[in-house]
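Take a look at the structure below.
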Amino acid sequence: MTDPDLAALWVTLKLATVTTIVLLVLGTPLAWWLAHTRNRLRPLAEALTALPLVLPPTVLGFYLLITLGANGPVGQLLNALGAQPLAFTFAGLVVGSVIYSLPFVVQPLRDAFAAVGHGPLEAAASLGAGPWDRFFTVAVPLARRGFVTAITLGFAHTVGEFGVVLMIGGNIPGETQVLSIAIYDHVEVLEYGRAHLLSGGLLLFSLILLTVVYATNRRSRVVGS
Amino acid sequence: MTDPDLAALWVTLKLATVTTIVLLVLGTPLAWWLAHTRNRLRPLAEALTALPLVLPPTVLGFYLLITLGANGPVGQLLNALGAQPLAFTFAGLVVGSVIYSLPFVVQPLRDAFAAVGHGPLEAAASLGAGPWDRFFTVAVPLARRGFVTAITLGFAHTVGEFGVVLMIGGNIPGETQVLSIAIYDHVEVLEYGRAHLLSGGLLLFSLILLTVVYATNRRSRVVGS
Amino acid sequence: MSLEARLSLRRPGFLLDAALSLPERGVTTVFGPSGSGKTTLLRCLAGLERPAGELALGGEYWQRDGYFLPAHRRRVGMVFQDGRLFPHLTVRGNLRFAMRRAGCEEAAMDAPVALMGIERLLARRPDTLSGGEVQRVAVARALLSQPRLLLLDEPLAAVDARRKQEILPFLERLTRELALPVVHVSHSLDEVIRLADRLVLMDEGRVVASGGVTEMFSRLDLPLAQREDVGAVLEAHAPRPLPGYHLTEATVAGQKLLLPGESAEPGERLRVRIRARDVSLTLKPPSETSILNVLPGRITEVVERPDAPGQRLVRVAVGDAALLSWVSRLSAERLALAPGQAVYAQVKAVALA
Amino acid sequence: MSLEARLSLRRPGFLLDAALSLPERGVTTVFGPSGSGKTTLLRCLAGLERPAGELALGGEYWQRDGYFLPAHRRRVGMVFQDGRLFPHLTVRGNLRFAMRRAGCEEAAMDAPVALMGIERLLARRPDTLSGGEVQRVAVARALLSQPRLLLLDEPLAAVDARRKQEILPFLERLTRELALPVVHVSHSLDEVIRLADRLVLMDEGRVVASGGVTEMFSRLDLPLAQREDVGAVLEAHAPRPLPGYHLTEATVAGQKLLLPGESAEPGERLRVRIRARDVSLTLKPPSETSILNVLPGRITEVVERPDAPGQRLVRVAVGDAALLSWVSRLSAERLALAPGQAVYAQVKAVALA
Amino acid sequence: PKGIAGEVRVAVASNFLGAVHQLVPVFEARSGDTVTVSAGSTGKLYAQISQGAPFDVFLAADARRPRLLEEQGLALPDSRFTYARGQLALWRGGGALPARPWDALVEPGVRFVSIANPRTAPYGEAARQALEAAGLWDRVRGRLVMGENIAQTYQYVATGNAQVGLVALAQVHDAPPESRWLVPQRLYAPIDQQAVRLTAADAGARFLSFLRGAEARRMIAAFGYGLPGGDS
Ligand SMILES: Nc1ncnc2c1ncn2[C@@H]1O[C@H](COP(=O)(O)OP(=O)(O)OP(=O)(O)O)[C@@H](O)[C@H]1O
Ligand SMILES: Nc1ncnc2c1ncn2[C@@H]1O[C@H](COP(=O)(O)OP(=O)(O)OP(=O)(O)O)[C@@H](O)[C@H]1O
Ligand SMILES: [Mg+2]
Ligand SMILES: [Mg+2]
């Protein structure tokens, strides 16, 4: 692996990790709300969370670019606040990836929360557990399978993410060039050997990681405390 | 909308529909197996179903091209069987989309089946329902939420699918040119107006469709027979 | 269709190892402490577990050597301890689920529905039912599946006493009419007395004792004798109603006995449970008492109740049968009760309900 | 910490509309047919439903006007009808969940665990427990949550009789020691007699009658009087053990009565339930009988049981209290039982367990 | 090394990325400047530059996008020049071309002909013009598959999914000579790939003048590109 490839690997892992964390932080309350609200607008909100999927990533990236770029509304707002625009920065990548991978995190979590139902939460409340307490000690462990799915899909999708990142990241080595773009570039310039190497490495790494995750997940999560 | 755009819309809807159906047909038994098997290789199998995610779609498409091509293993097999190669055909698009969207269908279904548990199935067996009977009349309705998520994610992801389709479809108008590519092309050649129109239409259409799906899903599915 | 089973199933920390042989009709109640393996045994019979051993119904093997007939081909009607209604179907949908697979007519639903008092619930979702309502629907559903073997796991535990009084006679009638074995788990002696022909006592996964109800209840060596509500269960013959008094005269242990109610048809066999606590003993025949039944007999056994040291369980031979009487040690000493002694056993008719 | 509640909750096809006023300690049993709203009432008290109305414990409002104290701040210990153990925690984890939030020491676990006989289960997952085991763990968990109000929804329905005999005295003792109101749902009169100070009868979402157990059981106009196991519940004073005989002499209704056992401490108050079916009447004092307790009294009321026309329920004033006796119409006619008549009520000591 | 060493951020059209990879080390060694390269399609890079992407130099695959940038004031005036001229080649993946190379497109057994998308890729537009000039457009139209860019066009043939294609000479200049044929320049308008300066950074100016220099031109030519005003 050459230096730029290593840099791309690093950016990719960092991006996927940060994106997954941000997705969990944003997606968990959203999924919880979707699972429990009786608001009439719930179907609309659910549809909105799925919407980033239907646009091709490059196109989504294009709109994000227009929005976040120096001349876009968000860009100008940030500018007025004295902040840097988000386009072509790592933070911009995170924003783009989060939007694009949101459905993969929110939907499994929402299903998992809905499947937990009210029973265990009521039991926890009667034992003195407040809303946060029962969320973290009852709802989250019981929705464990949904979290594993959400994290897997969110992380893997960000690793393989391409169009959005290419568009709003600008493919800047060491900063916004991720592995998927590096592989893509190798393919573009007919460096198939390097492309195979990177792809193979990525697949193997992911396979091992995912297998370990699923194998661990399989083991009983029942705990004594 | 111009004629080629209309044709692309039609191909897109056809592709997303066929892909979703194929995904359900293949993904449902796979998800069922993953949810119930005690095979030691289960984590590996689960990891394999998630793997298409980590490769950038264009790269995945590239490898599919190699595999499906005249010199690739599948291409040679098809050739030996007297069949046409799959690349640049609608069937090829379906193969590519199915592989790429597989995780989005299998994982929610697997979670949903696991959440159903053995209780209702045992009750059904004791009432004389055979394996298929209880699968369709008990497991599937109880996993309904998982099916809605799987169908939504699978369909929407195919609509927005891009790289794989671009790669193995060859962008043949009326046959393999889908809407996402059409929008992409408009962006590439700076026809932003057309791109906005198509994107906006696609988003609105999807939003309405998804809202209806989720609103329907919300209504109680309890039936009297 | 007699049931023969020899089954063993190992679980971490628990071993089921049970042999059963049940006649082709009649109710067998499985009795035993919580965790003794009653549910597990029923699950094995239903084909929901894969124990080692053999199992045959009416000579047809359901399980032997490598062969295992899957649950859905056994046609067992099972009422699960936790109800297990299908949450995606209404109550009516749950009943229909069973009926369709049993090839029942729609109209077959009416009788069990009326009996269980669930007419008002037909359109309801299971998750809106109360605990007792769930159990009643589950019983109706199992009955509608036209089973060849009926397995009832504490079917009426959450059902109130009044409703139970309505359901029990029906189940009683039903299980006598149906030519099928019924295996029933219950912690309630009431249910046992009403329903059971045979009793299987389980403890720690093993069958401790089993036999006809009459025999089992007159044995002083079984855990049953330790229960507060121990008693003899006797067959009553040749019932003759006493109209107007709502009493029935019948021959029990060669003696005439007055029983409450007059539902019995002449020639029918009845079962009477005479609880030890309801039997008092006198040395002289009593007079001017509200107690209608006074049976002369002879003491055959007097045992101390280990867990209730102030009390004596006295077995009195009356004709060819035995009654149990439970007296305080004080009385036993005052009356100098001992084997061989002639006594009068007095039993209130109302206590025989 | 008395409990005052006036609650109403509408559901499709069902309306809960209940007013309760419970003293600051003691057990109230809610009794009523399946579907009458017992569970719903308990859920309202626990804060799991949002009924209209008011609710206060010990003068502190839990609910009034717009105010609603959420469930987790009420410190109610609730045993749900369906157990509701946390499936992701072991039995020990379930108990700890309650203890941590109640600020209990780890050692506090030992007593309830031993009592419920769940030592062997501590490391087990809830889904491997039997029905009765689940209920016992749920009771232990609720007790460990240090509640200010204890709500028990059929806590022992799936527990076998022997275990119940062990648990009931403990609960009895516990509920007398704890200065908290206990609301208890049960279909078992045994549990009511052992535990309840007060009785609330519900039907179709409404409180039909409520009052002290003694009073409720001596009323012939309530559905309770229709039960087979109707009886009077009396207070016994000044118990005096008779060592060696495992009997206790106590004053009941101004008369000396012999009760089984000698657990009672002098000066303690006891409750005795004398079932109508255990009481026989004679016109002359009986002799040479195993029946230890013979109480002279005077008939005050004779009623026909509507659902058992061959029987009479006779109320006998003994001192300042009343006994119920259930006799056949035949006996009632033979002895010409009528209000004002002097009779001897005989009760076996062993029947008073 | 002259002047203060700087940093050049180069946005390059993907088709020229391979050449840039070879040019950059030479430039870096000579100038002391460091170069970071971002590749993408010309359309994408244009959109990014319009939104303030931090590039100093833009090497486009066409002349239109640099001109637009210049008109919009996003590029330095008068910095635009043609750094390479794309050359179209007819390529058969699996063997020799027939005597009359165009016949390769219409022979039996040819199921797919690969060209770049004429709408989005300059090589595609050139391919269309050449096919029309050769009078073949209508005959091959039903068999055309279109790569989104010239790299995909090449991949279609390289993987054997298309039998022949019109690709960039730069992509096939290592292929056996009998399998490729340089399409005559007169059949299509020149594919002028233009470069433009986006910032005033000196290093950018140095990179562009290096690109104009003889050594760079030699390397570009060796890569299979033509050059304006030079021999092809
Ligand atoms: N969501 C609901 N929609 C409609 N009816 C409901 C709903 N939930 C409960 N009910 C009805 O309310 C009534 C009271 O239910 P509840 O669970 O309080 O009964 P219960 O007295 O506890 O009965 P059981 O002894 O059988 O447990 C029942 O008839 C029940 O069917
Ligand atoms: N998966 C398991 N792993 C370990 N032990 C188990 C498992 N399943 C059941 N058991 C144990 O097997 C024993 C028998 O359980 P079973 O459910 O048959 O009891 P039961 O007689 O029906 O009791 P109850 O009256 O409480 O319903 C119990 O001690 C239970 O804890
Ligand atoms: Mg059980
Ligand atoms: Mg209830």
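Predicted, not measured: the structure shown is a model, and the values here were computed from it. The chains referred to below are lettered A, B, ... by the order of the sequence lines, with proteins before strands, and numbering in each begins at 1.
Rounded to the nearest 0.5 Å, atoms CG (B/Leu142) and CG (C/Leu89) are 8.0 Å apart. The OG atom of B/Ser126 lies 11.5 Å from the CZ atom of C/Arg101; values are rounded to the nearest 0.5 Å.
Proximity of B/Thr137 to C/Phe86: side-chain heavy atoms (C-beta onward) are nowhere separated by under 4.5 Å. The closest side-chain heavy-atom distance from C/His88 to B/Arg144 is not below 4.5 Å.
Residue-environment remark: CD (C/Glu105) stays at or below the threshold of 12 foreign heavy atoms within 6.0 Å. The number of heavy atoms from other shown groups lying within 6.0 Å of CD (C/Glu204) does not exceed 12. Heavy atoms of other residues, nucleotides or ligands lying less than 6.0 angstrom from CZ of C/Arg75 number more than 12.
The contact between C/Arg43 and chain B is made entirely by side chain atoms (from C-beta outward), counting heavy-atom distances below 4.5 Å. Contacts of C/Arg84 with chain B are made by both backbone and side-chain atoms, with heavy-atom separations under 4.5 Å.
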